[in-house]
Each structure stands twice: as structure tokens, then as C-alpha cells.
Participant: 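Input: one structure, supplied below.
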Number of protein chains: 2
Amino acid sequence: MVETTRRQEIEDVASSLFHEHGYSGTSVRDIARALDIQGASLYAHVASKQDVLWSIVDGTASRFEAAADAVTPAPDAESAPDPADRLTALVRAHVGIVTDDIERASVFIHEWRSLSTDRRAEIARRRDAYEQRFREVIADGVGEYAFAPVDPVAAAAYLLTALNGLAAWYRPDRRLTPAALADAYVQLSLQALDAGRHAEVPV
Amino acid sequence: MVETTRRQEIEDVASSLFHEHGYSGTSVRDIARALDIQGASLYAHVASKQDVLWSIVDGTASRFEAAADAVTPAPDAESAPDPADRLTALVRAHVGIVTDDIERASVFIHEWRSLSTDRRAEIARRRDAYEQRFREVIADGVGEYAFAPVDPVAAAAYLLTALNGLAAWYRPDRRLTPAALADAYVQLSLQALDAGRHAEVPV
DNA sequence: CCTACCGATCGGTAGG
DNA sequence: CCTACCGATCGGTAGG
């Protein structure tokens, strides 16, 4: 039932090694050794080391995008949820993906610079579009006086790098479970925008 | 007057290359090429590539520590400044060092994992001690009801990774100068802790 | 700071 | 998935 293809195994151990030593710091033979096969045998399954990195980064980017899509209101919705709720959903989705697979998330966040020029450009575009979702919610909230008057570009970068930082330090433990962590990060993110403090100020 | 030793030049170009391509992704010959000398000639000035990384990381760690020392009240002070002021000073100092030399800061933040075992352990200790300063101010503020009741460990990690994220994205421009950026990041950080909203609640 | 050179390792291919 | 092998590049040394 737990079907794990060889290709998936390769990407799993590659994610772990790229996470720990970086893409440049990991050799094809390091990956093969973790699978108990010869370095050259890896090429029966993958076209290149770069190809493995791309699969990990592209797949993880898609997970983030799909999760954000799922919590983004349809453009034709009667009434868009208020900005605080929309931001909460985005933060929770993001933290969920990071904590669900820290190694792949970490590779996506830190190693996309090692992609070839074209792929790197594509991921840069997709990352910017993803960050734009955060900027828009923040700008909406500022416009509605639901958030403090922050710079949406700086605030979105602040929030997203805080969330992405998880991939570098978080290890699940009994005291700070993924659920507790998500709650804490939602609280900090809403507070960072002073959410709910400004609705009454001007009209 | 502007005395730049060869050693400093080497560390400057190495910081730039390590920032862009990582330590493993930068060869000794890459560094030499940027200085218009032969790869082997570099060894007239440095003992090893690892030695260059250590100088950058150790020096930058010291800058962060000295800046935090400078804004930390003496233990024998009559009255410690309130937590919001202390946190403001810590955030401003940290952002200042990052924006003052993004490349070195970035190498310190991201490449310390490439250090040899002993040095890596030392930097891990020093980073933890530095982060502890943030945890303490946050815990003090929570204890005095100056901040919202956040988990000091999670909140300190959240704040510091947000600040460190600057090294990856920030480029000074006319709209967002280093000073404006520091103001925005202080505001977001204080708000993240809901600073000044809780003083009146219980006693 | 240079030329000349070292052994080790790199990503990848050929041919089973 | 293996053995055998490729040219290129790696960090670093010797000796000027």
C-alpha cells in the first residue's frame, strides 16, 4: 500500500542531503551511498543531478501554490473574507507545508539558486507571484484599516522570511507540536500587522 | 587613507561569491579570478579556503555580539529600560549590521554550516547565546505584561529569522532606504509582540 | 605572486 | 543496477 518508487526514494535522500549540505556540497555518489548503490547506477533513474534538484523544487513550489489557491477566495465570490482571516489561512497553509516536509521545503527555500538559468528564472517568477498574494492581502487590510499602516512589500517579506525560517530551525517536539507552532506563528503574524486594532480608527 | 589590505580584499570578494554561490559552490580559483591572480597565488595570503570562511563568519559574529552588548543594559543598572525599548534597540542593531554589509551577514547566516566541526560547534553556541538575548527580553516583556503572552522561544526564532531574511532579499533603493527599512522592521517586530497593548490588563 | 604539478573527486557515459 | 572509464576540476604544495 505504501508504494514508494525508486525515483521517490532518490528524491527523499537527495532532499535530506541537499538540506544538510546544500546542492553543491552533495555529490551524486553521496546520494547513491545513502541508497546503497553505485554512483553511476543512479543514472538508470535520473538524467542528472540538476534534474533531481528540479523535481524537488518544482514539486514543492506546486504544493505551496496549490495550498494558497485552496484558501484564496474565488474572484466571483459574493464577499471576500476579511483580510485577517485570509492572512490566517495563508500563514497556516504555508506553515503546514513547511512542517509537513521540512527537508523538501528547505531545499525549495534555499537551493533554488543552484538551478540552471532558465529554471531559476521560472522559480523566481513563481516565488514572486506567491509572495504577491501576501502583499495583496496585507494591502487590502491596510486599505480597510484592519491592519496597521505598514509597507506591504516590507511586511510581506518580513512575514514570509519568518515563516520560511522554520525550515532551518524547527524540529517537532512534545512542547512545540506542528499544531502549536502553527498557532503561535499565526498569532505573531497577525499581531505583526496589528490586526483588528485599527478598524475603528478612521472612516 | 582608505587602507585596504590584500587579506581584506580576499575576504570581500569571497563574501560576495559565497553569498551568491555558497561556500561549496565557490572554488578557490573563482576567488582568485575575481582578484586577477592565479589560484595558487591565493595561498600566499591565506592558509585555506576554510580559513577564509572562518574569518568572515567569526568577524561577523563578533560584530553582532558587540552591537548587542552596546545596547544591553549593564547588570548593575539602577533600572533596566522597559522591554519594548530594549527590543527596539536589539532589532535596530541587528538590522543595521545586516544592511551595512549584506554579503558578510549573508555568509554568516547561511554558510556557517560549511565550517569544520569544531568551528561549527563554536558558532552554534554563539548564535544560541545571541538568540538568548532576544528570548530574555521577550520573556521579560511577557512577564511584565508589556507583550502579549507569546512563547519566547518561538517568538525569538520568528523575529530573528525575519530579520535575517533581509540578507537574502534586501537591496537598498530610494523608496526603502536602510533607515526606512529599519523603522519598518522595528514596527513589525514590536507589533508582533503586541507591545504596549497589555500593560494595563492585569496586576 | 608565478609556473608546474599532486592525488582526489567531480558529474556523467559506454556497454553490458 | 554493475564495472570500467572519461575529461574536468577540486583544494592545496613545491620551489622559486
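So you know, we letter chains A, B, ... as the sequences are listed, proteins then strands, and number each from 1. All values below come from the heavy atoms of this structure, side chains included, with hydrogens, waters and symmetry mates left out.
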Participant: To the nearest Å, how far apart are Phe18(B) CZ and dG11(D) C1'?
Facilitator: 12 Å
Participant: Assess whether salt bridge (charged side-chain N to carboxylate O under 4.0 Å, His left out) is satisfied between Asp30(A) and Lys49(A), documenting all intermediate values.
Facilitator: CA-CA 11 Å; Asp30(A) 290 334; Lys49(A) 183 186 168 190; over 6 Å; no
Participant: Between atom CD in Gln38(B) and atom P in dC5(C), what is the gap in whole Å?
Facilitator: 15 Å
Participant: Using the 3.5 Å cut-off, write out each protein N or O paired with an N or O of nucleotides 13-16 of chain C and the distance between them.
Facilitator:
none

Participant: Is it true that the side chains of Arg126(A) and Ser62(A) contain a donor and an acceptor less than 3.5 Å apart?
Facilitator: yes
Participant: Starting from P on dT9(D), measure out to NE2 on His21(B) and report it in whole angstrom.
Facilitator: 16 Å
Participant: So, does Arg29(A) get its side chain near the phosphate of dG12(C), meaning an N or O under 4.0 Å from OP1 or OP2?
Facilitator: no
Participant: Identify whether the distance between the nearest side-chain nitrogen and carboxylate oxygen of Glu9(B) and Arg6(B) falls below 4.0 Å.
Facilitator: yes
Participant: Give me the ring orientation class for His94(A) and Phe134(A): parallel if the planes are under 30° apart, tilted from 30 to 60°, perpendicular past 60°.
Facilitator: perpendicular
Participant: Checking contacts here: which listed nucleotide (dC1(D), dG12(C), dC1(C)) is nearest the side-chain heavy atoms of Ile37(A)?
Facilitator: dC1(D)
Participant: Considering every strand and a 4.0 Å limit on heavy-atom distances, what is the contact class for Ser24(B): base, sugar-phosphate, or nothing?
Facilitator: nothing
Participant: Would Tyr23(B) and Val107(B) count as a side chain to side chain contact (heavy atoms under 4.5 Å, CB included) if you check the C-alpha gap in whole Å, the side-chain angles of each, and the deciding distance to 0.1 Å?
Facilitator: CA-CA 8 Å; Tyr23(B) 177 77; Val107(B) 173; over 6 Å; no
Participant: Evaluate the criterion side chain to side chain contact (heavy atoms under 4.5 Å, CB included) for residue pair Arg119(B) and Gln50(B); output intermediate values, then yes/no.
Facilitator: CA-CA 10 Å; Arg119(B) 288 168 163 175; Gln50(B) 172 75 208; 3.7 Å; yes
Participant: Quick one: Lys49(A) NZ to dC10(C) C1', roughly how many Å, whole number?
Facilitator: 8 Å
Participant: Under a cut-off of 3.5 Å for both distances of each Watson-Crick or G-U pair, what dot-bracket string does DNA chain D give, using [ ] for crossing pairs and | for inter-strand pairs?
Facilitator: ||||||||||||||||
Participant: Report the nucleotide, chosen from dC1(C), dC1(D), dG12(C), that has the shortest atom-to-atom distance to any side-chain atom of His45(B).
Facilitator: dC1(C)
Participant: Taking the six-membered ring for Trp, are His19(A) and Phe108(A) ring centroids under 6.0 Å apart?
Facilitator: no
Participant: Just by distance, no angles: are the side chains of Arg7(A) and Ser55(A) close enough, under 3.5 Å, to form a donor-acceptor pair?
Facilitator: yes
Participant: Find the distance Leu42(A):CG to dC10(C):C1' and express it as a whole number of Å.
Facilitator: 14 Å
Participant: Would you tell me if any nitrogen or oxygen in the side chain of Ser27(A) comes within less than 4.0 Å of OP1 or OP2 on dC10(C)?
Facilitator: yes
Participant: Whole-Å distance between dC10(C) P and Asp30(A) CG?
Facilitator: 6 Å
Participant: Give the rounded distance in Å between these two atoms: CG of Leu35(B) and P of dC2(C).
Facilitator: 10 Å
Participant: Report the distance from atom OH of Tyr23(A) to atom C1' of dG11(C), rounded to the nearest whole Å.
Facilitator: 9 Å
Participant: Give a yes or no on whether the backbone of Glu11(B) and the side-chain of Ser15(B) come within a donor-acceptor separation of less than 3.5 Å.
Facilitator: yes
